[in-house]
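The residues of the chain are indexed from 1 along the displayed sequence. In listed order, ligands and their atoms are each counted from 1.
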Amino acid sequence: MIKGFIFDLDGVIVDTARYHYLAWKRLADELAIPFTEKDNERLKGVSRGQSLDIILSLGHKKLPEQEKHALATKKNNWYVEYIMQMTPAEILPGVLPFLTAAREMKIKTALGSASKNAGTILNKLNLTGFFDVVVTGNEVSKAKPDPEVFLLGAKGLGLPPAACLVFEDAGAGIEAARRGGMKSIGIGSAAVLGKANRVAGGLHELSVEEVLKI
Ligand code: B16
Ligand code: MG
């Protein structure tokens, strides 16, 4: 029986992928590396360091660790500038009613995000109070598809993995849920998220009652 929900952030609660893209694009342009919105799809759910590696590989560039660290910091500073301008109007459709209903029904709720900026984003959008537990990129050492982020979420909720349902927009996140022994709902297209127990376009298409039955 499902007693807890674990939500990914980017792509499920808010569309921060747009801001990640703008910041990575600015860096790629500086490095004269071609980088399109289609390339950006590969960065979804992937850690900051791995994202930079993907961009450098697009430009056939290899750089020493120290230089990579400086570039990742530069991108993050631009990204933080963008997210500091965000407002609650950018919360994706259906999120607030879904979170409200879940909490009214005494379902425990956790955030499980690869982003080190997840706490800042939740605060900025006035969403922190909707989550019993927040696990971010600061607490995990292994990126999705490793299940670490979701297992920490389940542990924080005091629930066994099988009692948790994960909401994810990235294929790597659906795989992480599966490896962690959790059912999942894919948010996005069935072509990418076919391994999820159910796929929907967004939380606005789902009710708490129906997802508890999967
Ligand atoms: P940061 P999620 C992920 O968030 C993003 O999808 C991914 O594009 C980003 O690289 C990653 O967070 C790390 O973000 O640079 O802010 O630490 O989908 O796991 O909520
Ligand atoms: Mg995501």
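Residue contact check: Asn117 has heavy atoms under 4.0 Å from atoms 1 (P), 16 (O) of ligand 1. Those atoms of ligand 1 that come under 4.0 Å of a heavy atom in Lys144, given as number and element, are 19 (O). Interface of Leu9 with ligand 1, defined as ligand atoms under 4.0 Å from a residue heavy atom, comprises 20 (O).
Taken together through direct or relayed side-chain contacts under 4.5 Å among Ile, Leu, Val, Met, Phe, Trp and Tyr, Ile107 and Val211 form part of one hydrophobic cluster. Neither Leu152 nor Val12 shares a network with the other; the hydrophobic side chains, linked directly or stepwise wherever heavy atoms of I, L, V, M, F, W or Y lie under 4.5 Å apart, form separate groups for each.
Counting non-hydrogen atoms of neighbouring residues, nucleotides and ligands closer than 6.0 angstrom, the NE2 atom of His204 exceeds 12 such neighbours. For NZ of Lys68, the number of neighbouring non-hydrogen atoms (other residues, nucleotides, ligands) closer than 6.0 Å is greater than 12.
For the Mg ion (ligand 2), the count of nearby protein N, O or S atoms, meaning those under 2.8 Å away, is 3.
Residues Asp15 and Leu92 have side chains in contact (heavy-atom distance under 4.5 Å, counting atoms from C-beta outward). Val149 places none of its side-chain heavy atoms less than 4.5 Å from the side chain of Ile6. The closest side-chain heavy-atom distance from Phe7 to Leu203 is below 4.5 Å.
Taking NZ of Lys124 as the reference point, atom CE of Met86 lies at 9.0 Å (rounded to 0.5 Å).
Note on Glu210 versus Lys213: no salt bridge recorded, every NZ/NE/NH1/NH2 to OD/OE distance being 4.0 Å or above. Comment: Arg26 does not engage Glu30 in a salt bridge, judged by the lack of any side-chain N to carboxylate O separation of less than 4.0 angstrom.
In terms of protein heavy atoms, atom 18 (O) of ligand 1 is closest to Asp8 OD1, 2.9 Å. Given atom 19 (O) of ligand 1, the protein heavy atom at minimum distance is Ala114 N, 2.7 Å. Atom 8 (O) of ligand 1 has Leu43 O, 2.9 Å as its closest protein atom, hydrogens excluded (heavy atom only). Regarding atom 4 (O) of ligand 1, its nearest protein heavy-atom neighbour is Asp10 CB, 3.6 Å. Atom 17 (O) of ligand 1 has as its closest protein heavy atom Lys116 N, 2.7 Å. Protein heavy atom closest to atom 9 (C) of ligand 1, with residue, atom name and distance, is Val46 O, 3.2 Å. At the top of the distance list for atom 15 (O) of ligand 1, counting protein heavy atoms only, stands Arg48 NE, 2.8 Å.
Contact annotation: Ser51 has at least one heavy atom less than 4.0 Å from an atom of ligand 1. Heavy atoms of Gly45 come nearer than 4.0 angstrom to ligand 1 in at least one pair.
Distances between N or O atoms of Ser113 and those of ligand 1 include at least one value under 3.5 Å. Between Lys44 and ligand 1, no pair of N/O atoms sits closer than 3.5 Å.
Around atom 12 (O) of ligand 1, the closest heavy atom drawn from Ser115, Ala176, Gly49 belongs to Ser115.
Contact between Phe98 and Ser207 at its shortest, heavy atoms only, is CE1-C, 3.7 Å. Annotation for Thr136 and Ser115: closest pair CB-O, 3.3 Å, computed over non-hydrogen atoms.
Lys25 places a side-chain N or O within 3.5 Å of a backbone atom of Phe35 that can act as its donor or acceptor partner.
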